[in-house]
Amino acid sequence: MGLLGLALAMVSAQKVNAVLHLELEKRLHAALLTSHPGSNINAVRVMPAPDTKFGDYQCNALMTLARVLGVAPRQLATEVVAQLNVSDLCEPVEIAGPGFLNFRLKPDAIAAVLAAAARGEHLFFVPAGATARTYVVDFSSPNVAKPMHVGHIRSTGIGDSLVKVLRRLGHRVITDNHLGDWGTQFGMLLLGWKTRLDPKALAADPIAELERLYKEVNALCDDSKPTFDPAIRDTAKNELVKLQAGDEENLGIWGEMQRLSQLQFDSVYGRLGVGFDYTLGESFYNPWLQGVVDELVARGLARSSKDAVAVFADTLWPDTANRPAPKDNAFLVQKDGEWVDQPALIKKSDGGFNYMTTDLATIAHRVREWQPDEIIYVVDDRQAAHFRQLFTIAAHWHPDWTARTRLTHVGFGKICGADKKPLKTRDGNTPKLAALLDEAEDRALQLVTEKRPELPEARRKEIARVVGLGALKYQDLLPHRTSDYVFNWDKMLALTGNTAPYVQYQFTRAAKVVRDGRGQDLGRISSPKVVLAEDQELALAKLLLNYGHTLNRVAEDYCPNFLCNYVYELASAYSRFYDNCPVLKAEEPTRASRLLLCELTAKVLQEGLALLGIETIDEM
RNA sequence: GCACCGAUAGCUCAAUUGGAUAGAGCUUCUGACUUCGGAUCAGAAGGUUGCAGGUUCAAGUCCUGCUCGGUGCACCA
């Protein structure tokens with residue numbers, strides 16, 4: 001492209017807005033500031049309308065603003081609309097009900113955005129650019145020497161999807177897998193390894209053997225069980241202390257457990273398509289733990305208690321006048337009608353450290369190393385209380401850090417069986433993740449074999465892999481992350497309804513039309529005139545426009561389910577379009593225009609699924 | 001006991017700073033098509049959003065009380 005061509009392309013790129021409702025919002029702000037100078041425009045948003053009968057976009061903020069300004073809502077709306085010039089993009093703005101503004105886009109304005117997207121100028125959003133933020137995302141975090149189980153799906157899937165969305169929006173993201181490789185369980189594991197290891201079993205299935213050792217020794221160390229043996233417990237504790245003090249033999253065994261576990265992690269993450277920039281487990285922070293405790297004690301933020309060291313409400317807020325109300329204080333709990341301490345332990349009476357200490361050291365490292373704007377912890381909701389304490393301690397420890405770096409716990413609910421209780425296998429155990437992935441692929445293979453018996457086995461297996469793993473991930477991401485949900489093989493693999501196979505199938509249909517269309521008519525869809533005449537064409541086009549808005553909402557609320565619902569809506573809108581509007585059989589220029597709709601739909605479906613960690617395939 | 005989270009159609013789940021007549025899917029029933037791969041589409045049926053109050057122009061969403069369920073409450077992570 002010559003210089004002139006480049007300059008023209010830039011001018012044309014400036015003329016077209018990638019996100020129409022943000023342009024409407026900008027003009028609405030200007031109108032409001034003209035009619036009512038000094039108004040607070042921050043909350044004045046233009047967003048997709050809940051129902052097409054109200055138009056395409058709406059603003060409901062003027063009703064709230066009218067109260068602040070002390071004027072009648074409809075009058076305010078009338079005065080603002082009088083200053084608003086959006087006639088190039090919309091039909092005349094309608095003031096509805098108590099003071100809603102309804103915007104109805106002109107098909108030509110929509111067509112212009114689609115044409116720009118087809119030229120590759122944008123995909124319905126504006127990357128963060130100068131406003132890009134730096135995130136550290138802490139997710140997955142499996143335990144060394146234990147099998148990854150069903151519980152790890154959520155953290156891994158939600159975390160990975162958030163990472164992908166944030167990166168796509170142009171943010172800098174550092175992923176860190178905070179492995180559980182240094183806790184109390186290693187005392188028991190070391191004892192088990194030294195006294196009751198079965199080398200043959202270890203060679204056959206290392207993780208299963210390590211799990212067996214842990215379970216056996218744990219039963220002897222648990223004082224609530226009849227098998228409890230205090231001598232064994234003390235020995236196990238001693239092994240841990242030796243490990244954490246740098247004992248060579250124990251470090252060697254621990255390293256071997258680590259290596260064996262990493263093989264498992266690599267295998268599972270490989271299948272899931274998940275990767276990490278860093279894998280800094282708890283052990284990485286061992287050298288700094290004593291320093292964290294010393295510092296907190298020296299600053300008076302922690303004190304000794306019952307041979308342990310802990311952070312208390314009275315060490316954080318020595319002056320009772322500043323102390324939060326007991327109900328809002330993460331360091332108090334009511335027992336028998338009285339508020340008593342709920343301290344956060346940072347050093348145990350046996351000299352060992354707790355994960356609170358490790359988590360504090362981890363914050364220190366991440367802040368110093370990466371200066372993030374935000375650290376996101378994708379961790380089970382049951383740990384909410386821990387994170388409240390952790391974030392509070394961090395804020396007292398280094399207020400400058402928490403002023404710069406926002407700490408966010410992104411919690412999630414549990415996966416249940418049909419009985420609404422946590423999912424278990426038939427024999428009452430927690431299902432292992434690898435077995436779950438196997439079963440997803442096996443069940444998908446059965447379905448593919450039924451539908452497409454003519455395909456060679458290798459092809460069917462590849463389709464089954466993409467469909468099975470996609471179904472499993474999609475089911476997990478579809479409910480709001482804070483909800484518990486019921487795990488159901490038949491439902492997730494169903495070819496109808498809000499499932500990955502349905503969305504993947506609509507993608508294959510769109511991709512097929514594009515392939516066939518290009519084959520017959522190469523090059524003709526590069527910059528066709530976009531004609532939006534039929535209802536189904538318009539509905540599909542308008543949904544495409546909202547892709548970027550959806551990504552922003554996912555990032556703002558840490559909720560991948562918004563993207564699931566979006567791709568499902570887009571897929572079903574495509575299906576309605578495909579049913580009603582012939583593409584390849586249509587006359588020009590309709591044909592090229594519809595082909596472009598197919599192309600953009602395929603692109604957005606493919607990318608949207610990819611941001612959910614789900615692959616697509618050309619045929620199913 | 002206290003705190004946190006939840007309770008929405010028969011079932012599984014949504015619902016964007018509080019926004020308009022609470023939406024999907026599954027199931028059931030009915031219909032469309034000599035398919036640009038029907039693994040499709042259309043229509044119907046299905047609700048006092050756990051209960052009782054309150055705030056608001058507007059409440060599934062916010063506040064208060066209650067019922068039921070889940071989770072967490074010092075040396076596991």
Side-chain angles (χ1 to χ4, degrees), chain A residues 42-45 47-51 53-54 58 60-61 63-64 66-67 72-73 96-100 102 141 143 180 182-185 218 282 305-310 326-328 330 332-339 341-350 352 354-356 358-359 380-386 388 411 413-414 420-421 447 451-452 478-480 482-486 488 490-491 494-499 501-502 505-506 508-509 512-513 516-517 549-550 552-553 556-557 559 561-562 564-565 568-569 572 575-576 578-580 582-586 594 598 619-620:
Chain A
N42 289 336
V44 178
R45 294 277 163 78
M47 59 182 84
D51 191 311
K53 66 176 174 269
F54 301 129
Q58 69 160 231
N60 55 46
M63 292 176 282
T64 314
R67 181 188 306 282
F100 294 95
N102 291 338
S141 313
N143 290 313
W182 203 243
T184 306
Q185 74 270 26
N218 186 50
E282 294 169 342
S305 169
K306 300 180 187 170
D307 295 326
V309 182
K327 170 178 173 351
D328 303 319
L332 293 178
V333 65
Q334 192 169 80
K335 285 222 166 115
D336 304 322
E338 273 189 49
W339 288 98
D341 281 319
Q342 176 68 25
L345 264 73
I346 55 173
K347 188 168 187 178
K348 299 190 285 183
S349 53
D350 66 7
N354 307 73
Y355 78 142
M356 182 63 78
T358 311
D359 282 355
D380 194 335
D381 259 336
R382 284 177 299 190
Q383 295 198 36
H386 165 71
R388 268 202 298 278
K414 60 181 176 293
K420 299 265 190 170
K421 289 178 180 166
L447 291 171
K451 298 285 182 188
R452 304 293 301 275
L478 179 62
H480 193 284
T482 58
S483 318
D484 298 341
Y485 77 89
V486 175
N488 185 323
D490 293 333
K491 187 167 280 193
L495 305 157
T496 57
N498 194 349
T499 66
Y502 175 83
Y505 174 62
Q506 299 307 334
T508 66
R509 295 171 100 191
K512 176 73 159 53
V513 173
D516 291 350
H549 178 249
T550 304
N552 283 324
R553 288 187 58 218
E556 277 168 26
D557 293 342
C559 285
N561 63 310
F562 297 155
C564 291
N565 285 316
Y568 173 67
E569 270 184 48
S572 39
S575 195
R576 283 189 288 274
Y578 186 77
D579 211 54
N580 286 282
V583 180
L584 301 179
K585 291 176 179 171
R594 288 181 178 169
C598 292
E619 62 173 349
M620 283 173 62

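We name chains A, B, ... by the order of the sequence lines, and we start the count at 1 in each one.
For A:Gln58, the side-chain atoms get nearest to B:rA20 when compared with the rest of B:rA20, B:rG38, B:rC36.
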Please enumerate all protein N or O atoms sitting under 3.5 Å from an N or O of nucleotides 15-17 of chain B, with distances to 0.1 Å.
unit_1 : atom_1 : unit_2   : atom_2 : d
B:rU16 : O4'    : A:Arg553 : NH2    : 2.8
B:rU17 : N3     : A:Ala43  : O      : 3.1
B:rU17 : O4     : A:Asn60  : OD1    : 2.6

Tabulate protein N/O versus nucleotide N/O from nucleotides 55-59 of chain B, keeping only pairs under 3.5 Å, one per line.
unit_1 : atom_1 : unit_2  : atom_2 : d
B:rU56 : O3'    : A:Arg67 : NH2    : 3.4
B:rU56 : O2'    : A:Arg67 : NH2    : 3.3

Could you list the protein-to-nucleotides 24-34 of chain B atom pairs, N/O on both sides, closer than 3.5 Å?
unit_1 : atom_1 : unit_2   : atom_2 : d
B:rC26 : OP1    : A:Thr496 : OG1    : 3.3

| remark: Parsed dot-bracket for RNA chain B after applying the Watson-Crick and G-U rules with both distances under 3.5 Å and | for other-strand partners is (((((((..((((.....[...)))).(((((.......))))).....(((((..]....))))))))))))....
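Side-chain contact check for A:Arg509 versus A:Cys598: every heavy-atom pair is 4.5 Å or farther apart.
Rounded to the nearest Å, the gap between the P atom of B:rC26 and that of B:rG43 is 13 Å. Comparing B:rA20 with B:rA59, their C1' atoms sit 13 Å apart, to the nearest whole Å.
A:Tyr502 meets the ring pair (Phe, Tyr, Trp, His ring centres under 6.0 Å) test with A:Tyr568; sequence neighbours excluded. When the salt bridge (Lys or Arg N to Asp or Glu O under 4.0 Å) test is applied to A:Arg67, no partner is found at least two apart in sequence or on another chain. Shown here are the salt bridge (Lys or Arg N to Asp or Glu O under 4.0 Å) partners of A:Asp484, two or more places apart in sequence or in another chain: A:Lys414. Judged as a side chain to side chain donor-acceptor pair (under 3.5 Å), and not counting sequence neighbours, A:Asn354 has no contacts. For the salt bridge (Lys or Arg N to Asp or Glu O under 4.0 Å) test, no residue two or more places apart in sequence or in another chain qualifies with A:Asp381. Take A:Lys53 and apply the salt bridge (Lys or Arg N to Asp or Glu O under 4.0 Å) test, not counting sequence neighbours, and it matches A:Asp51. When the ring pair (Phe, Tyr, Trp, His ring centres under 6.0 Å) test is applied to A:Tyr355, the partners found at least two apart in sequence or on another chain are A:His386.
Using a 5.5 Å limit on the distance between ring centres and a 30° limit on the angle between planes, the aromatic ring of A:Phe100 does not count as stacked on the six-membered base ring of B:rG19.
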| query | Along nucleotides 70-77 of chain B, 5' to 3', which nucleotides get a B, which get an S, and which get a -, given that the test is a protein heavy-atom distance under 4.0 Å? | reply | SSSBBBSB
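Counting to the nearest Å, the P atom of B:rA3 and the CG atom of A:Asp328 are 10 Å from each other.
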